[in-house]
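The structure appears below as structure tokens.
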Amino acid sequence: MINIVLFGKPGAGKGTQAEFLKEKYKLTHLSTGDIFRFNLKNDTDLGKKARVFMDNGELVPCEVTTAMLIDEVKKHPDTAGFLFDGYPRTLEQAEALDKFLPTIGSSVTATIALEADDEILVARLLERGKTSGRVDDQDEEKIRVRYQEYNEKTAPLIGYYKEQNKFHAVNGIGTIEEITERLTSVIDNL
Ligand SMILES: Nc1ncnc2c1ncn2[C@@H]1O[C@H](COP(=O)(O)OP(=O)(O)O)[C@@H](O)[C@H]1O
């Protein structure tokens, strides 16, 4: 089983690239943001728990997110592997994943970060907000909260995965195809 964690700031292109990678490597794509948005739209109990946090650009509490992720993983016992997109986002979540995966005989294979400058990313998000309908993409204030959350809570994961020799960085600026190419060359060399 190969498990890839796609890592990067909001707007870095994780979702776009995940679409290509999941096809190429036959991976199950689990985007916590997408799963939450689905639950929000359908007004499920999970959606109700997540809404306030998401609408403000804050992280949903770890126990809610981790329970949801584990449920999703368990729905795909026969997969060739997972492409985690948006999880883990805190040290607590990374540790939870490292504890959970061995219970299904697996582990994180590699973490790949898509890197880009903040100004480029904020511009991309505001552009996406015009068409996506995502509340958290339409307001610079909320975008700023997400970057703050990233810097405080998610950035420390870089060190966590480097220590395990599982961290790879890829330049996230270029055409979609160029970036897919960079990501596949990392994965093919794992
Ligand atoms: N691993 C997670 N832990 C906590 N909250 C999460 C997680 N993944 C997604 N969320 C919630 O969903 C929102 C949207 O996630 P996502 O689409 O991945 O956003 P972004 O484009 O900001 O990376 C986040 O701002 C957060 O509220």
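When a residue number appears, it is its place in the shown sequence, counting from 1. In listed order, ligands and their atoms are each counted from 1.
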So for ligand 1, is [X] a polar contact partner (N or O within less than 3.5 Å, distance only)?
| X | value |
| --- | --- |
| Arg37 | yes |
| Tyr87 | no |
| Arg89 | yes |
| Gly11 | no |
| Gly86 | yes |

Note the single closest protein heavy atom to [atom], along with its residue, its atom name and the distance in Å.
| atom | result |
| --- | --- |
| atom 27 (O) of ligand 1 | Glu58 O, 2.6 Å |
| atom 8 (N) of ligand 1 | Thr32 OG1, 2.7 Å |
| atom 6 (C) of ligand 1 | Phe36 CE1, 3.8 Å |
| atom 5 (N) of ligand 1 | Val60 N, 3.0 Å |
| atom 21 (O) of ligand 1 | Arg128 NH2, 3.1 Å |

Check [Y] with [X], please: is the shortest side-chain N to carboxylate O separation under 4.0 Å?
| X | Y | result |
| --- | --- | --- |
| Glu149 | Arg146 | no |
| Glu72 | Lys75 | yes |
| Asp34 | Arg37 | yes |
| Asp137 | Arg128 | yes |

More than 12 foreign heavy atoms under 6.0 Å from [atom1] of [X]: is that the case here?
| X | atom1 | value |
| --- | --- | --- |
| Glu95 | CD | yes |
| Lys166 | NZ | yes |
| Asp188 | CG | yes |
| Lys162 | NZ | no |

Any atoms of ligand 1 less than 4.0 Å from a non-hydrogen atom of Gln93? List them with their elements. 1 (N), 2 (C), 3 (N), 4 (C)
Enumerate the atoms of ligand 1 whose separation from the nearest heavy atom of Lys14 is less than 4.0 angstrom. 23 (O)
With heavy atoms only and a cut-off of under 4.0 Å, state how [X] meets ligand 1: side chain, backbone, both or neither.
| X | value |
| --- | --- |
| Met54 | both |
| Leu59 | both |
| Arg134 | side chain |
| Glu92 | neither |

Tell me every residue that passes side chain to side chain contact (heavy atoms under 4.5 Å, CB included) with Glu119, counting only those two or more places apart in sequence or in another chain. Asp117
Sub-4.0 Å heavy-atom approach of Arg51 to ligand 1: no
Does any pair with a residue in residues 54-67 pass salt bridge (charged side-chain N to carboxylate O under 4.0 Å, His left out), and if so which ones, sequence neighbours excluded? none
Tell me if a side-chain donor or acceptor on Lys9 pairs with a main-chain N or O of Asp118 at a distance below 3.5 Å. no
